[in-house]
Amino acid sequence: MPKIFSAKIDKVNEITLETNFHFLLSDGKFAGVTLEGAQIKEIQAFEENETTTNRIKIMTKENLDLETTYTVSKRLFGTSTVEMGAAIRSEEFDTLYYYDGNDLGNVYTKKKTAFRLWAPTASEAKVVKYDKWDDQVGKEITMTQAEKGTWKLEIQGNQDGLIYTYKVKTGDEWTEAVDPYTRAVTVNGNKGVVVDLTSTNPKNWSTKKPALKKAEDAIFYELHIRDVSIQEESGIKHRGKYLGVAELGTKGPQGVKTGLSHIKDLGVTHVQIIPMYDYHTVDETRLDEEQYNWGYDPKNYNAPEGSYSMNPYEPKVRIREVKQMVQALHKQNLRVVMDVVYNHMYSACESNFHQLVPGYYFRYNEDGTLANGSGVGNDTASERKMMRKFIVDSVTYWAKEYHLDGFRFDLMGIHDVETMNEIRRALDKIDPSIIVIGEGWDLNTPLDAEKKANQKNAATMPRIAHFNDRIRDGLKGSVFEERDTGFVNGKSGLEEIIKKGISGTSIDSYLDPEQIVTYVEAHDNHTLWDKLALTNPEATEVERKQMHKLASSIILTSQGIPFIHAGQEFMRTKGGDHNSYKSPDAVNQLDWKRRAEYYQEVEYMKGLIQLRRKYPAFRLGTAEEVHQHLTFLEAPENVIAYTLTSPEKKSKTELTIVHNANKQAIDFSIPNRGKYSLLVNGQKAGTKALAKIQSNEITVPALSTFVLETK
Ligand code: CA
């Protein structure tokens with residue numbers, strides 16, 4: 001029987017109608033189509049030049065009222081109500097329904113809890129109360145319709161601990177979902193929970209943070225919560241947990257410091273935690289089994305992940321433990337950065353966003369399929385006002401409630417410039433020393449090129465830093481080609497690329513150094529050690545260690561924000577695994593036996609960090625200062641040499657840095673400045689003179705960095 005399949009408002013003046021059988025377009029006025037409630041201007045076949053079709057566009061004379069329900073009829077095919085289609089993603093929709101209140105989610109007080117849900121396409125909405133996390137049936141309470149497509153409900157009394165979800169009716173269908181704004185969840189994040197957040201604060205919880213003058217003073221250390229403590233040799237009691245990160249004074253093989261004490265000893269300033277919001281993949285009810293995931297599969301953005309908690313069934317426990325972890329890091333003078341993944345969700349269709357407002361929060365291609373610039377199935381649509389608001393609200397919530405000091409935006413290039421700038425502004429109101437960094441890759445997502453928050457548009461996003469993939473790949477070879485080499489492992493002709501990295505000008509020579517994250521290794525791709533094994537199988541272990549140290553030396557003496565992957569200091573290996581996001585602990589864990597074995601290499605990294613922290617010339621604050629104080633010297637092939645003068649007014653300190661990537665020693669003339677102190681010699685690094693050098697003719701050993709000081 002002929003019938004209408006679907007009728008959807010795809011533009012504010014256009015309805016797409018689809019039928020089960022083809023019909024003739026010339027079949028009477030408007031092909032026998034009538035629209036109740038609006039006047040038709042014309043109809044067109046969906047595809048050009050068709051005379052018979054089963055899909056047409058119905059253009060209306062006036063814009064459709066997005067709050068009215070229309071009915072469409074087609075002769076012989078019957079009648080259908082018109083649903084919201086792609087018009088939900090139009091500017092008109094945002095203008096009509098943008099809600100700017102700060103009370104979305106649940107607002108708890110001891111006397112009552114107020115719920116507000118944004119669901120403009122719903123015709124009814126309910127709060128569903130549950131007694132227990134695994135209850136299948138709850139008590140439904142109808143919400144009242146309020147302004148801008150929101151729904152409200154107040155429940156009197158102290159609702160601390162109340163388990164709830166939302167239920168909405170869209171079209172003829174009811175769907176149930178967790179409140180995207182909820183700040184606490186039951187096990188596996190399947191239901192939201194109202195909590196009195198003040199009751200989750202640890203003792204002496206304070207907003208006092210370790211001092212930070214400027215972003216360029218930061219040294220990042222990227223850490224996965226489970227990796228740091230899961231190995232038995234870590235000596236850490238709360239293995240794999242938030243509390244494991246907070247343990248102090250732990251020791252490993254040969255008495256080496258482990259965990260927090262090791263990180264503190266290393267001398268970094270910021271610990272960047274790989275996702276700790278509630279993610280999908282690890283089953284929190286089976287924690288007695290070994291499960292592993294990096295966590296780039298978001299489920300509930302505003303609640304912490306349960307698998308790192310001592311008790312994921314008790315919603316407040318994980319909140320308190322994250323705070324305890326932040327507090328412990330702050331006490332050791334370490335700032336805390338959170339890795340956030342607002343660019344996609346584990347599943348668009350299963351996401352709470354899509355269940356509550358279908359079609360709004362994600363980007364779609366022209367053909368109606370989900371955009372996939374992220375490469376993991378969906379892209380969120382930060383340019384849409386309520387998605388942007390959600391991201392800004394979520395980031396500021398974490399910053400305030402958990403006293404966080406920085407955010408690292410996964411695939412920032414999926415987001416739009418305006419959203420990133422709004423996040424920066426919102427964070428500045430809380431604390432301007434909060435650092436924002438992100439992966440500003442140019443990604444294939446349906447957003448205008450000039451709007452993408454990527455490296456090309458870095459100049460339009462001041463005080464937001466981008467990972468510099470050019471120095472990363474320039475140093476060791478492309479991450480996409482296993483055997484490709486770079487400056488430290490055998491390729492010539494890369495001096496100019498590395499120089500740009502060193503001076504913080506890879507992306508744009510006018511960018512402020514605080515906009516560049518300088519790194520050679522992160523959780524993604526092969527570790528540097530594994531890459532060197534692939535690219536230089538003939539090299540001896542000693543040679544590979546030299547290449548590795550040379551790369552780290554360049555990172556820690558470059559302008560910008562240096563970034564170290566946990567374990568890089570002891571030449572971390574994942575046994576050749578280049579994408580260990582769900583690999584076992586044996587691959588991912590920090591190996592504290594190796595930390596003991598590579599004792600000298602860790603000492604070297606510590607020395608580089610001390611050096612960087614002592615001399616402000618490594619941490620210049622503006623592009624202008626870099627221009628003024630950094631001078632590259634003429635150097636032989638595969639050698640980079642430069643001088644740094646001090647930005648401090650009265651200081652006559654000058655540093656000379658020479659990176660020799662040749663497999664042989666080189667003789668080199670440095671500027672004649674009298675007596676030099678050698679601070680780094682390729683084997684040792686630090687702030688104390690390893691030797692005094694009277695001559696300006698020096699010999700730099702193979703695969704080594706020299707840093708010399710004159711006063
Ligand atoms: Ca989870």
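As the structure is a computational prediction, the values presented were derived from the model and not from experiment. In each ligand, atom 1 is the first atom listed, and ligand 1 is the first ligand listed.
The minimum distance between the Ca ion (ligand 1) and any N, O or S atom of Glu305 involves atom OE1. Here the N, O or S atom of Glu284 that is nearest to the Ca ion (ligand 1) is OE2. Of all N, O or S atoms in Asp278, the one lying closest to the Ca ion (ligand 1) is OD1.
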Open item on the list: What verdict does the ring-ring contact (aromatic ring centres under 6.0 Å, His included) test give for Trp441 and His466, after you've listed the backbone C-alpha separation in whole Å, the side-chain angles of each residue and the deciding distance to 0.1 Å?
Closed with: CA-CA 9 Å; Trp441 317 138; His466 297 254; 8.8 Å; no

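Residue side and main chain included, Thr281 places no N/O/S atom under 3.0 Å of the Ca ion (ligand 1).
Checked against Phe390 for a ring pair (Phe, Tyr, Trp, His ring centres under 6.0 Å), the options Tyr99, Trp118, Tyr361, Phe353 give a single hit: Phe353.
With ring centers used as reference points, Phe362 lies 6.0 Å or more from Tyr360.
Of the charged side-chain nitrogens involved, at least one lies within less than 4.0 Å of a carboxylate oxygen, so that Lys132 and Asp135 count as a salt-bridged pair.
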